[in-house]
Number of protein chains: 2
Amino acid sequence: MSADPALRREIPDATVARLPGYLRTLSRLAEDGVLSVSSEELASAVGVRSSQLRKDLSHLGSYGVRGVGYEVEMLALEISRALGLSTDWPVAIVGMGNLGRALSSYSGFVTKGFRIVGLFDDDPAVEGEVVLGVPIRPLSGLREAHAAEPIAIGVIATPASAAQVVCDALVEAGITSILNFAPSVLSVPDGVDVRRVDLSTELQILAFHAQRKSLAAGDLDGAVAR
Amino acid sequence: MSADPALRREIPDATVARLPGYLRTLSRLAEDGVLSVSSEELASAVGVRSSQLRKDLSHLGSYGVRGVGYEVEMLALEISRALGLSTDWPVAIVGMGNLGRALSSYSGFVTKGFRIVGLFDDDPAVEGEVVLGVPIRPLSGLREAHAAEPIAIGVIATPASAAQVVCDALVEAGITSILNFAPSVLSVPDGVDVRRVDLSTELQILAFHAQRKSLAAGDLDGAVAR
DNA sequence: TTTTGTGAACAATTTCACAGCT
DNA sequence: AGCTGTGAAATTGTTCACAAAA
C-alpha cells in the first residue's frame, strides 16, 4: 500500500500545478540548512493551507513522519521524481527576440531538470549567433536537430503571427510538449500537450480584480484607483 | 450606486480566467469582418466546449439571440466591460533586463486596456534610457511617479533575489495589483492581488505530462526500483 | 428551425476533523 | 503530545439536456 511507487498513481491536475511551488520552497529551505518542516510551516511559506499541502502530498505517497514533519531533502527528491525531473529534459526555444533571449538566460532553466539544446530563429540577422554556447539556427534545421539530439519540449517565443507555423513545425518534427508564449490559440493533434503563458491574459485578470476592488471601495465607474 | 447591470453579479474565477481568451478570439473575428458567431463556432475557435462558453457568458448577462448567435462586436464590448477594460490601466514595469524589455515592447500591451506609464531599474547603466517614450528611473522614484500619475498595476521583471524588495516598494507606494515574473513567492498584506507567471513551473508541469506519456507508451525503463 | 440560457446532474477540488502513528 | 494521512463534508466547476425565444 504505502510501498507503492507513486508514479502509477493518478495525481490530480490541481496538485501537479502546485508541486513546482512546493519543490522551489523546499530547495530554498534545504539551501538554508533546514532539515525538517511541518506541513504547517511549509504550507505557509508556499501560501497554501496545510490541509491542502498534506492532501497533495498524500497523492505522491507517505513521506512524512507523524508527530515530526517532513525531511526536507527527501521530500524535495520525491517531488522531483513525481514531476519527472530525475532526468534532464532537452528544450528548444523558437524565436530569439527579447523574450527568447530572456528565456534562454533565465536562471531557473539550468538549475533543475531542463537543458537548452536548440535555439531557432529565421531572422538572418541573428542566424549563427551563439547564445550561452548554443548557436541560433533557422527553423528549417529543426527536424535535423531533433534527429541528432532529441528535443522533448519546444518553447514558442515568436510573435503571434508565426506561432501556428512554428507549432506545426515542432509537431511535425515529433515534439509533443509545447510551451507557448505567443498570444494565440494553437491547434494541435491529439497527444500533443500545449501550455500557454500569456501576459495580457494575466493583466486582464488583474484588471478584473482591480475593478472589483475599486467598485467595492465605492468609487464611481471609470475612476482609477487613486 | 452604480447602475451597471451585470457587474454586481458574482463571476466565478474559472470564468474570469477564460474571458480574456474569448475576447481575443472575438477581436480577431471582428477584424476578419465576421458579424455574428454561434456558441459552437466561438467555443471551437477558443478550444472549450460550447456549453461551457454559454455558461460563462450567462454570468455576464444575456447577450445572445436565440436561434442566431452572438453579435461579435457587441459581445467583445460586454466582455471588455466585465473585465474592466473600458478604461486603460496604467502599468509600471520594474526590472529592465531582457524580460522587462520584452514585456515593454509586447504588442498585446498597447492594443487593449493597458498603458505603460513607468519603467524602473536600479542599474545605473540603464538609468535615463528611454524605451518607447518612457524613461527608465530608479526604484526610489516610484512613490513620486505614482503620486504624479497613478499606477494601477506593477509588473515585477527582476531576478528572484530582488522580487520581495521590489514588491514591498510597490505595496508601500500604494499599488495593489502585482504581476510577478520572478520565481519567488511574495508576501503581501491583505487586499493586494498578486499573480505569478513562472517559466519553470510551466516547464515542470509539461515535464510531468511528458513523463506520463513516455511511461504510458510502454517505455519499460521503470527505473524506479522499489 | 435553430441556438441560447439555465436548472439539475455530475465531477473535481478544497476544507474539515479526527483516527492513527511516532 | 504532536503532526501526518485520509475519509467525509462542503464548495466549486463542468457537462447535460431541454424549455424558451426568435
Side-chain angles (χ1 to χ4, degrees), chain A residues 1-6 9-22 25-26 29 34-76 78-79 82 205 208-209 212, chain B residues 5-6 9-22 26 29 34-76 78-79 82 205 208-209:
Chain A
M1 354 164 75
S2 58
D4 218 356
R9 220 56 94 85
E10 188 67 21
I11 302 178
D13 284 349
T15 294
V16 172
R18 281 185 295 267
L19 292 180
Y22 302 158
T25 299
L26 285 166
L29 290 174
V34 178
L35 296 178
S36 156
V37 269
S38 67
S39 63
E40 202 64 65
E41 293 164 335
L42 181 54
S44 90
V46 174
V48 302
R49 303 212 191 281
S50 63
S51 56
Q52 178 157 85
L53 173 64
R54 290 200 304 277
K55 179 67 91 180
D56 283 341
L57 296 182
S58 77
H59 291 111
L60 311 192
S62 183
Y63 300 118
V65 179
R66 288 163 200 241
V68 179
Y70 301 88
E71 208 254 282
V72 171
E73 298 258 18
M74 195 248 223
L75 185 56
E78 290 301 338
I79 293 177
I205 294 171
F208 173 81
H209 291 293
R212 292 190 90 236
Chain B
R9 211 71 80 89
E10 188 66 21
I11 302 178
D13 284 349
T15 294
V16 172
R18 282 185 295 266
L19 292 179
Y22 301 157
L26 285 167
L29 290 174
V34 178
L35 296 178
S36 156
V37 270
S38 67
S39 63
E40 202 65 64
E41 293 164 336
L42 180 54
S44 91
V46 174
V48 302
R49 301 212 191 278
S50 63
S51 56
Q52 178 155 84
L53 173 63
R54 291 200 303 278
K55 178 68 89 179
D56 282 342
L57 295 182
S58 78
H59 294 293
L60 312 192
S62 183
Y63 300 117
V65 179
R66 288 165 199 240
V68 178
Y70 301 87
E71 209 254 282
V72 171
E73 299 257 20
M74 193 245 225
L75 185 55
E78 290 302 337
I79 293 177
I205 294 171
F208 173 81
H209 292 292

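Each chain gets a letter, A, B and so on, in the order the sequences are listed, and its residues count up from 1. Heavy atoms only: backbone and side chains are in, while hydrogens, waters and symmetry mates are out.
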Legend entry - Which atom of B:A17 lies closest to which atom of A:I205, heavy atoms considered: CA-CD1, 3.8 Å

Inset, instruction - Measure across B:I11 and B:H59 and return the closest heavy-atom pair with its distance rounded to 0.1 Å. - result: CG1-O, 4.2 Å

Inset, instruction - Output yes when at least one side-chain N/O atom of A:S51 is less than 4.0 Å from OP1 or OP2 of C:dC16, else no. - result: no

Legend entry - Phosphate OP1/OP2 of C:dT4: any B:S39 side-chain N/O under 4.0 Å: yes

Whole-Å distance separating the [atom1] atom of [X] from the [atom2] atom of [N]:
{"X": "A:L57", "N": "C:dT13", "atom1": "CG", "atom2": "P", "result": "16 Å"}
{"X": "A:Y63", "N": "D:dT6", "atom1": "OH", "atom2": "C1'", "result": "17 Å"}
{"X": "A:D56", "N": "C:dT15", "atom1": "CG", "atom2": "C1'", "result": "12 Å"}
{"X": "A:R49", "N": "C:dC16", "atom1": "CZ", "atom2": "C1'", "result": "11 Å"}
{"X": "B:E40", "N": "D:dC16", "atom1": "CD", "atom2": "P", "result": "11 Å"}
{"X": "B:L53", "N": "C:dG5", "atom1": "CG", "atom2": "P", "result": "10 Å"}
{"X": "A:D13", "N": "D:dG13", "atom1": "CG", "atom2": "P", "result": "15 Å"}
{"X": "A:Q52", "N": "D:dG7", "atom1": "CD", "atom2": "C1'", "result": "17 Å"}

Inset, instruction - State, yes or no, whether a side-chain contact exists between B:L57 and B:I79 at a heavy-atom distance under 4.5 Å. - result: yes

Legend entry - Which residue lies more 5' along DNA chain C, comparing A:V65 with A:T15 via nearest heavy atoms: A:T15

Side chain of [X], heavy atoms from C-beta onward: which of [options] has the nearest atom to it?
{"X": "B:Y70", "options": "C:dG5, D:dT15, D:dG5", "result": "C:dG5"}
{"X": "A:K55", "options": "D:dT15, C:dG5, D:dT6", "result": "D:dT6"}
{"X": "A:S38", "options": "D:dT15, D:dT4, D:dA22", "result": "D:dT4"}
{"X": "A:R66", "options": "C:dT22, D:dT14, D:dG13", "result": "C:dT22"}
{"X": "A:R54", "options": "C:dT15, D:dA22, D:dT4", "result": "D:dT4"}
{"X": "B:R18", "options": "D:dT14, D:dT15, D:dG5", "result": "D:dT14"}

Legend entry - B:Q52 CD: over 12 foreign heavy atoms closer than 6.0 Å: yes

Legend entry - Identified side chain to side chain contact (heavy atoms under 4.5 Å, CB included) partner of A:L26 from the options A:V34, A:L42, A:V46: A:L42

